[in-house]
Amino acid sequence: MAPPSAHPELTARLIQLCTADQVVAGAVASLNAAHTTSLCVALLDSPDGSDYLPTANMIVLSTKYSAPSFAALADKLILYRLTTGLHQLVVDLNDPVALQAHNTRQEHLWRLANPTPGPVPPGVRRFYQGTNRENFHHGPTSISAAGLQPAKAGSGLGCKRWEKHIVASEYKDQGWHTVTLSFDVALSYARQHTEWAMGMKAHEPALRDVADHGGLVLCFDVVEASIAGSDRWRQDKSGDSNNFQTTETIPPGQIQVVEQLAVPGPLTKIAPPPSVARIPAVPRQEGATQGPGVKRRVYPTNTP
């Protein structure tokens, strides 16, 4: 089956990303050098999904991302699929310079898609929470409509579905909202929702639209003095000093979306483990005498 035709507006967005960032331009140049055609962006013939097609050197997005209202999400998916294309290129893992250059570029592209927020004003604590777009956007009880309500917080199981992750762990309790001072911890959990929507979770391969089910990161500011000594705030049980729990109702007007779509990554590579050098055995010379004071060990035998 022939690949789809390049989409002019989405390919133009790729070019804009190249113009705005030299690392993006270099990544596109690397993919172009490895293929006979220039990288472009096209549309899938399905409502869900995105991919990089190595045979055509093409990023494909589902049809909805051609709409201007989804331009910001399209940019993030283009950057993510750019990293998946680079991940397929051959890298000499035994060359530390080449490996570091590859990983540095991948980390830059991933952070470009999920940038770190700006500094927090003095006297304020900025709390972040990773959730999914459906929880935030859809329905009269969504976070965007009703805020963070203690009645909907936590879990009777006392744990989060994806509690263990490479960044940190987080604990949930019934009636308590778990939030964190670390943007990267919240991003870690938001990324889990996107991976789930992309069918990357074990035993849950179904593909879902990340615009509806992908992860996002929320934040809200609280005056630091209002937390000290309050029985409505406590640290969670994860052991991470950044993680707090609260029974406060956080109104929707106080909540901001600081990351619209947390993308998976960074897609870095690791060097192979070093091989253990074989140490040649030194043959024992015939007639060699033992040093003074050293007794020869006598082993028992079965012979009478």
Side-chain angles (χ1 to χ4, degrees), residues 3-21 24 28 39-53 58-85 109-118 128-148 183 186-187 189-200 206-220 251-265:
S5 301
H7 190 275
E9 287 79 11
L10 289 175
T11 301
R13 298 199 67 82
L14 171 64
I15 295 172
Q16 290 174 4
L17 291 169
C18 291
T19 304
D21 191 279
V24 176
V28 172
L39 182 68
C40 64
V41 185
L43 291 178
L44 285 166
D45 58 355
S46 63
D48 302 327
S50 63
D51 205 350
Y52 169 76
L53 307 180
M58 177 181 289
I59 294 170
V60 287
L61 307 179
S62 58
T63 52
K64 72 173 4 173
Y65 296 104
S66 60
S69 58
F70 289 98
L73 298 188
D75 284 351
K76 293 177 184 294
L77 289 172
I78 288 171
L79 288 169
Y80 169 61
R81 290 305 174 184
L82 182 58
T83 67
T84 62
L109 295 171
W110 173 74
R111 186 56 80 180
L112 194 62
N114 293 153
T116 304
Y128 300 95
Q129 187 181 65
T131 185
N132 65 66
R133 292 177 59 84
E134 185 177 22
N135 285 344
F136 183 78
H137 288 293
H138 296 170
T141 62
S142 66
I143 297 172
S144 63
L148 292 171
F183 170 74
L187 185 65
Y189 285 100
R191 194 162 66 238
Q192 300 285 309
H193 289 286
T194 304
E195 292 174 0
W196 174 77
M198 288 181 170
M200 298 168 65
L207 200 62
R208 297 167 176 85
D209 183 11
V210 296
D212 289 333
H213 302 284
L216 50 67
V217 180
L218 312 173
C219 80
F220 58 90
Q254 193 177 338
I255 300 170
Q256 294 182 323
V257 177
V258 290
E259 179 49 67
Q260 295 187 56
L261 181 64
V263 300

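For reference, positions follow the sequence shown, starting with 1. Since we're looking at a predicted model, the values are computed, not measured.
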> Under 4.0 Å between a side-chain nitrogen and a carboxylate oxygen: does that hold for K76 and E259?
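Here K76 pairs with E259 in a salt bridge, since their nearest N and O are under 4.0 Å apart.
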> From the options L39, I59, L53, select the one residue that forms a side-chain contact (heavy atoms from CB on, under 4.5 Å) with R81.
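Of the listed options, the one satisfying the test is I59.
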> For residues 6-18, which residue pairs pass the salt bridge (charged side-chain N to carboxylate O under 4.0 Å, His left out) check, not counting sequence neighbours?
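Residue pairs passing salt bridge (charged side-chain N to carboxylate O under 4.0 Å, His left out), neighbours aside: R13-D75.
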> Test of understanding: with side-chain hydrogen bond (donor to acceptor under 3.5 Å, both in side chains), list the residues that count as partners of N132, not counting sequence neighbours.
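For N132, no residue satisfies side-chain hydrogen bond (donor to acceptor under 3.5 Å, both in side chains) once neighbours in sequence are set aside.
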> Can you check whether D209 reaches Y65 side chain to side chain, under 4.5 Å on heavy atoms?
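Sidechains of Y65 and D209: in contact.
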> Rounded to the nearest 0.5 Å, what's the gap from CG on L187 to CD on Q192? Could you check?
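The CG atom of L187 sits 10.5 Å away from the CD atom of Q192.
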> Which atom pair, heavy atoms only, marks the closest approach of A42 to M58?
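Shortest heavy-atom contact: CB-SD, 3.6 Å.
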> Between W110 (side chain only) and V263 (backbone N and O only), is there a donor and an acceptor less than 3.5 Å apart?
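Checked: pair present.
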> Could you tell me whether the side chain of L14 reaches within less than 4.5 Å of the side chain of L10, counting heavy atoms only?
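Side-chain contact under 4.5 Å: no.
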> Could you please spell out the steps behind the side chain to side chain contact (heavy atoms under 4.5 Å, CB included) verdict for V210 and L73?
CA-CA 9 Å; V210 296; L73 298 188; over 6 Å; no
> What residue among V41, L43, L44 forms side-chain contact (heavy atoms from CB on, under 4.5 Å) with V60?
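So, applying the side-chain contact (heavy atoms from CB on, under 4.5 Å) to V60 and each of V41, L43, L44, only L44 qualifies.
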> With rounding to the nearest 0.5 angstrom, report the OG to CZ distance, S142 to R133.
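Answer for the OG-CZ pair, S142 versus R133, is 12.0 Å.
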> Only one of L109, L112, I78, L82 forms a side-chain contact (heavy atoms from CB on, under 4.5 Å) with L17, so which one is it?
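Only one of L109, L112, I78, L82 forms a side-chain contact (heavy atoms from CB on, under 4.5 Å) with L17, namely I78.
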> Rounded to the nearest 0.5 Å, what separates atom CD1 in I255 from atom CZ in F136?
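The CD1 atom of I255 sits 7.0 Å away from the CZ atom of F136.
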> Identify the two heavy atoms, one from A146 and one from P252, that lie closest to each other, and give their separation to 0.1 Å.
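So the two residues come closest at C-CD, 3.9 Å.
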> Run the side chain to side chain contact (heavy atoms under 4.5 Å, CB included) test on L216 and H137 for me, step by step, so that the C-alpha distance in whole Å, both residues' side-chain angles and the decisive distance to 0.1 Å come before the verdict.
CA-CA 11 Å; L216 50 67; H137 288 293; 4.0 Å; yes
> Given T84 and D51, is the side chain to side chain contact (heavy atoms under 4.5 Å, CB included) satisfied, shown in steps?
CA-CA 8 Å; T84 62; D51 205 350; 5.6 Å; no
> Identify the heavy atoms of S50 and L77 that sit nearest to each other, and give their distance.
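Closest heavy-atom pair between S50 and L77: OG-CD2, 4.1 Å.
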> Between the main-chain N or O of A262 and the side-chain N or O of T194, is there a donor-acceptor pair closer than 3.5 Å?
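Yes; at least one donor-acceptor contact below 3.5 Å.
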> Could you list the residues that satisfy side-chain contact (heavy atoms from CB on, under 4.5 Å) with C219, not counting sequence neighbours?
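Partners of C219 under the side-chain contact (heavy atoms from CB on, under 4.5 Å) test: R126, Y128, Q256, V258.
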> If you look at every heavy atom in W196 and H213, which pair is closest and at what distance?
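Scanning both residues completely, I find the closest heavy atoms to be CZ3-CB, 4.0 Å.
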> Any idea which heavy atoms bring P264 and M200 closest together, and the distance?
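The pair with the smallest heavy-atom distance is CG-SD, 4.1 Å.
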> Would you please test Q129 and N135 for side chain to side chain contact (heavy atoms under 4.5 Å, CB included) and show each step?
CA-CA 12 Å; Q129 187 181 65; N135 285 344; over 6 Å; no
> Measure across P140 and A145 and return the closest heavy-atom pair with its distance rounded to 0.1 Å.
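Minimum heavy-atom contact is O-CB, 3.5 Å.
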